[in-house]
Amino acid sequence: MFKFELEHVDKYTGARAGKFHTPHGIIETPVFMPVGTQAAVKAVSTDSLKDMGTQVLLSNTYHLNLRPGSEIIKSAGGLHKFMNWDKAILTDSGGFQVFSLKGLRKIREEGVEFQSHLDGSKIFMSPESSIQIQENLGADIIMAFDECAPALSSRDYIVPSMERTLRWLERCKEAKTRDDQALFGIIQGGLFKDLRIQSAIKTCQIDLPGYAIGGLSVGETREEMLEILDILGPYLPKDKPRYLMGVGTPQDFVEGILRGIDMMDCVHPTRIARHGLAMTSRGMISIKRQEFTADLSPLDPNCSCPCCRDYSKAYLRHLYKSGEILSSMLMSIHNLSFLIGLAQDLRQAIFNDESENIRKKLYTVMGYAKS
RNA sequence: GCGGCUAUCGUCAAGAGGUUAAGACACAGGAUUGUGGCUCCUGCAUUCGAGGGUUCGAAUCCCUUUAGCCGCC
């Protein structure tokens with residue numbers, strides 16, 4: 001269980017292709033993981049997710065604990081049954097909410113006191129309670145409860161935060177009782193290279209089935225983020241999956257994989273889809289643009305997803321302008337298909353030691369901006 | 001034919017003599033990275049139905065005219 005087979009490493013870039021075994025199937029890496037925070041990928045059914053080749057979904061401990069409550073999900077037979085998804089699931093621990101709900105929480109050594117964004121009530125989350133909730137949810141991969149610190153944090157802020165996250169990781173491991181769930185540790189350290197290395201070494205000293213890099217894509221530039229990935233590579237065990245948390249523009253995705261990342265998740269594709277933006281083989285397209293009013297060609301002529309197969313840009317623009325729910329559905333299906341397809345292309349390219357070609361294509365043929 | 005009322009951005013509408021004519025929606029650009037939030041940011045009337053006048057100064061006052069609505073013959 002939770003064996004990671006490293007199948008091939010691109011001899012030019014170091015990009016990795018592998019297989020991660022979970023109780024709900026094998027995840028072929030590199031992989032993009034759609035995010036379904038509240039046990040649902042916004043605007044996308046599990047049938048659609050399956051059709052587009054999704055291998056693993058993300059969901060969220062903090063949000064599901066508030067609503068409907070993890071006991072409800074436990075009594076439903078776990079998250080897989082509750083949301084009708086029989087492939088792998090990964091739950092984030094609530095650590096990101098320490099960042100995103102900054103105004104609504106207080107951090108202590110023991111844990112974090114949140115004020116519910118729903119009704120204002122006090123919710124205390126600790127490494128132990130996060131693990132307890134995640135055991136109730138029953139995902140295949142569960143994340144350590146950490147603090148995701150803002151990228152612009154000072155060294156004085158990052159040092160104690162990072163050390164606390166390490167102590168919390170020990171407590172998470174201690175609290176864990178189920179052996180059919182893989183606990184991943186999370187490396188922090190802000191944008192300070194020595195702290196990142198320190199965090200990587202100490203985190204990886206704790207034997208776990210996988211390791212994540214957190215605290216990135218939270219306000220820093222792409223160059224800064226990639227620099228951190230570059231220096232971290234040598235400190236990560238080769239025989240464990242490497243998960244870069246919260247990253248999902250096509251550029252970041254490709255650059256991450258070329259730096260040895262195996263797994264990434266992001267709300268980006270589904271969020272921008274709801275706001276009328278598409279990732280395509282010809283760059284980013286805003287379906288809102290006036291120029292598409294009468295354009296009967298597909299969103300992406302090189303895409304075979306249901307959205308591109310069956311509908312025109314003029315129709316998609318009309319749906320968006322009309323506020324139709326179908327707009328969110330089709331655009332989300334497309335964007336997720338694009339990233340999942342990109343991951344599949346990369347995996348194939350890695351086996352041929354040609355992953356660099358995908359990067360070149362991204363910046364030339366596809367026309368994505370380098371920074 | 002006579003009397004009254006109304007006429008400000010694509011739409012709804014503030015404004016009642018004094019610097020660049022509110023706001024909302026719509027429209028047009030842009031943002032968005034381990035998802036509180038179909039959200040956020042930016043732009044969008046040198047012009048107030050038309051023409052003339054009073055005044056240092058008018059969307060705001062006066063006259064003429066046009067259109068719509070309401071009454072009366």
Side-chain angles (χ1 to χ4, degrees), chain A residues 32-44 56-67 89-105 114-120 123 130 134 139 141-151 165 184-188 212-222 224-226 243-253 255-256 261 263-279 284 286-293 317 319-329 331-332 335 339:
Chain A
F32 175 75
M33 310 184 283
V35 179
T37 301
Q38 312 199 63
V41 175
K42 292 187 195 300
V44 186
V56 47
L57 278 188
L58 230 77
S59 200
N60 186 277
T61 303
Y62 171 84
H63 289 287
L64 292 180
N65 181 46
L66 286 195
R67 187 170 56 190
I89 297 177
L90 181 156
T91 43
D92 187 28
S93 61
F96 184 71
Q97 279 61 46
V98 180
F99 163 77
S100 65
L101 302 177
K102 211 171 355 201
L104 297 172
R105 74 356 178 216
F114 289 98
Q115 191 173 11
S116 163
H117 67 277
L118 296 176
D119 62 9
I123 290 112
S130 176
Q134 293 190 78
I141 301 168
I142 63 178
M143 300 305 298
F145 187 63
D146 66 334
E147 182 197 349
C148 174
T165 286
F184 279 28
I186 304 174
I187 295 160
Q188 291 290 345
I213 301 166
L216 290 178
S217 61
V218 283
E220 78 284 7
T221 65
R222 172 167 306 138
E224 290 171 318
M225 177 178 91
L226 297 181
Y243 165 27
L244 175 57
M245 306 184 77
V247 165
T249 66
Q251 296 96 314
D252 292 344
F253 188 68
E255 294 288 357
I261 296 298
M263 309 161 64
M264 282 181 253
D265 76 282
C266 200
V267 304
H268 193 66
T270 44
R271 177 179 287 163
I272 64 173
R274 277 177 274 124
H275 296 149
L277 231 55
M279 303 166 167
M284 298 296 295
S286 171
I287 201 64
K288 305 187 246 188
R289 287 181 157 277
Q290 209 161 31
E291 62 190 285
F292 301 134
T293 307
R317 179 173 193 275
L319 291 179
Y320 181 84
K321 301 297 284 183
S322 309
E324 286 292 342
I325 294 168
L326 187 57
S327 165
S328 295
M329 295 169 65
M331 294 288 285
S332 295
N335 280 351
L339 277 184

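So that the names make sense, note that chain A is the first sequence line, chain B the second, and so on, each numbered from 1.
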- Item | Note, A:Tyr320 side chain near A:Met331 side chain (heavy atom, < 4.5 Å) | no
- Look at all strands and tell whether A:Ile186 reaches a base, only sugar-phosphate, or nothing, counting heavy atoms closer than 4.0 Å. base
- Item | Opposite nucleotide pairing with B:C5, Watson-Crick or G-U, both atom distances under 3.5 Å | B:G68
- Item | Whole angstrom value for the distance that separates C1' of B:G37 from CZ of A:Arg271 | 10 Å
- Spacing of A:Lys102 atom NZ relative to B:U35 atom C1', expressed in whole Å: 15 Å
- Could you measure between the two P atoms, the one in B:G57 and the one in B:U66, and give it in whole Å? 29 Å
- Any A:Asn60 side-chain nitrogen or oxygen under 4.0 Å from OP1 or OP2 of B:U35: yes
- Query: Which part of the nucleic acid, if any, lies within reach of A:Ser328 when heavy atoms closer than 4.0 Å are counted: base, sugar-phosphate only, or nothing?
  - Reply: nothing
- Task: Take atom NZ of A:Lys288 and atom C1' of B:A31, then tell me their distance rounded to the nearest Å.
- Result: 9 Å
- Task: Specify the separation, in whole Å, of atom CD1 of A:Ile272 and atom P of B:G29.
- Result: 17 Å
- Winner on side-chain proximity to A:Gln188, out of B:G34, B:C38, B:A28, is B:G34
- Message: If you define the side chain from C-beta out and look only at heavy atoms, does anything of A:Phe32 sit under 4.5 Å from A:Cys266?
- Response: yes
- Minimum-distance nucleotide to A:His117 side chain [options: B:A28, B:U35, B:G36]: B:G36
- Message: Measure CG/A:Leu104 against P/B:U35 and give the value in whole Å, please.
- Response: 15 Å
- Message: With side-chain contact (heavy atoms from CB on, under 4.5 Å) as the test, pick out the partner of A:Phe145 among A:Asp92, A:Val98, A:Thr165.
- Response: A:Val98
- Message: When both hydrogen-bonding distances must be under 3.5 Å and the geometry is Watson-Crick or G-U wobble, what is B:C44 paired with, if anything?
- Response: none
- Query: In terms of side-chain heavy atoms of A:Leu58, which of B:G36, B:U35, B:G34 is nearest?
  - Reply: B:G34
- Using the P atom as the reference point in each nucleotide, state the distance between B:A45 and B:G4 in Å, no decimals. 37 Å
- Query: So, A:Thr91 side chain and A:Ile142 main chain: donor-acceptor pair closer than 3.5 Å or not?
  - Reply: no
- Query: Given atom CD1 of A:Ile213 and atom P of B:G34, what is their separation to the nearest angstrom?
  - Reply: 16 Å
- Item | Distance test, side-chain N/O of A:Ser100 to OP1/OP2 of B:G36, below 4.0 Å | yes
- Base, sugar-phosphate, or nothing: which does A:Arg317 touch, judged by heavy atoms less than 4.0 Å apart? sugar-phosphate
- Query: Roughly how far apart, to the nearest Å, are B:U6 and B:C40 at atom C1'?
  - Reply: 40 Å
- Message: Can you tell me the base-pairing partner of B:G23? Count Watson-Crick or G-U wobble geometry only, both distances below 3.5 Å, and say none if there is no partner.
- Response: B:C12
- Message: Going by centres under 5.5 angstrom and planes under 30 degrees, do the aromatic ring of A:His275 and the base ring of B:U39 stack?
- Response: yes
- Task: Looking at every strand, decide which applies to A:Glu324 at a 4.0 Å heavy-atom threshold: base, sugar-phosphate, or nothing.
- Result: nothing
- Can you tell me, in whole Å, how much space there is between the P of B:A59 and that of B:C9? 15 Å
- In terms of the angle between their ring planes, are A:Tyr62 and A:Phe114 parallel, tilted or perpendicular, with boundaries placed at 30° and 60°? tilted
- A:Leu66 and A:His117: CA distance, side-chain angles, deciding distance, side-chain contact (heavy atoms from CB on, under 4.5 Å) verdict: CA-CA 9 Å; A:Leu66 286 195; A:His117 67 277; 3.7 Å; yes
- Query: If the P atom of B:U60 is compared with that of B:C44, how far apart are they to the nearest Å?
  - Reply: 25 Å
- Message: Distance check, P atoms only: B:C25 and B:G71, in whole angstrom units.
- Response: 37 Å
- Determine, step by step, whether A:Thr221 and A:Glu224 satisfy the side-chain hydrogen bond (donor to acceptor under 3.5 Å, both in side chains) criterion, reporting the C-alpha distance in whole Å, the side-chain angles of both residues, the deciding distance to 0.1 Å, and the verdict. CA-CA 5 Å; A:Thr221 65; A:Glu224 290 171 318; 3.2 Å; yes
- Message: Strictly below 4.0 Å: does A:Gln97 bring a side-chain N or O up to OP1 or OP2 of B:U35?
- Response: yes
- Message: By nearest heavy atom, map A:Gly215 and A:Arg289 onto RNA chain B; which one lands nearer the 5' end?
- Response: A:Arg289
- Measure from CG on A:Leu277 to P on B:G30 and round the result to the nearest Å. 8 Å
- Which part of the nucleic acid, if any, lies within contact of A:Leu66, taking any heavy atom under 4.0 Å across all strands shown: a base, the sugar-phosphate backbone alone, or nothing? nothing
- Item | Same-atom distance (P) from B:G53 to B:A21, integer angstrom | 24 Å
- Query: Does B:G37 have a Watson-Crick or wobble partner in any strand here, with both distances under 3.5 angstrom, and which is it?
  - Reply: none
- Item | Pairwise P distance, B:G37 and B:U42 [rounded to whole Å] | 22 Å
- Task: Please report, rounded to the nearest Å, how far the C1' atom of B:U32 is from the CG atom of A:Asp252.
- Result: 13 Å
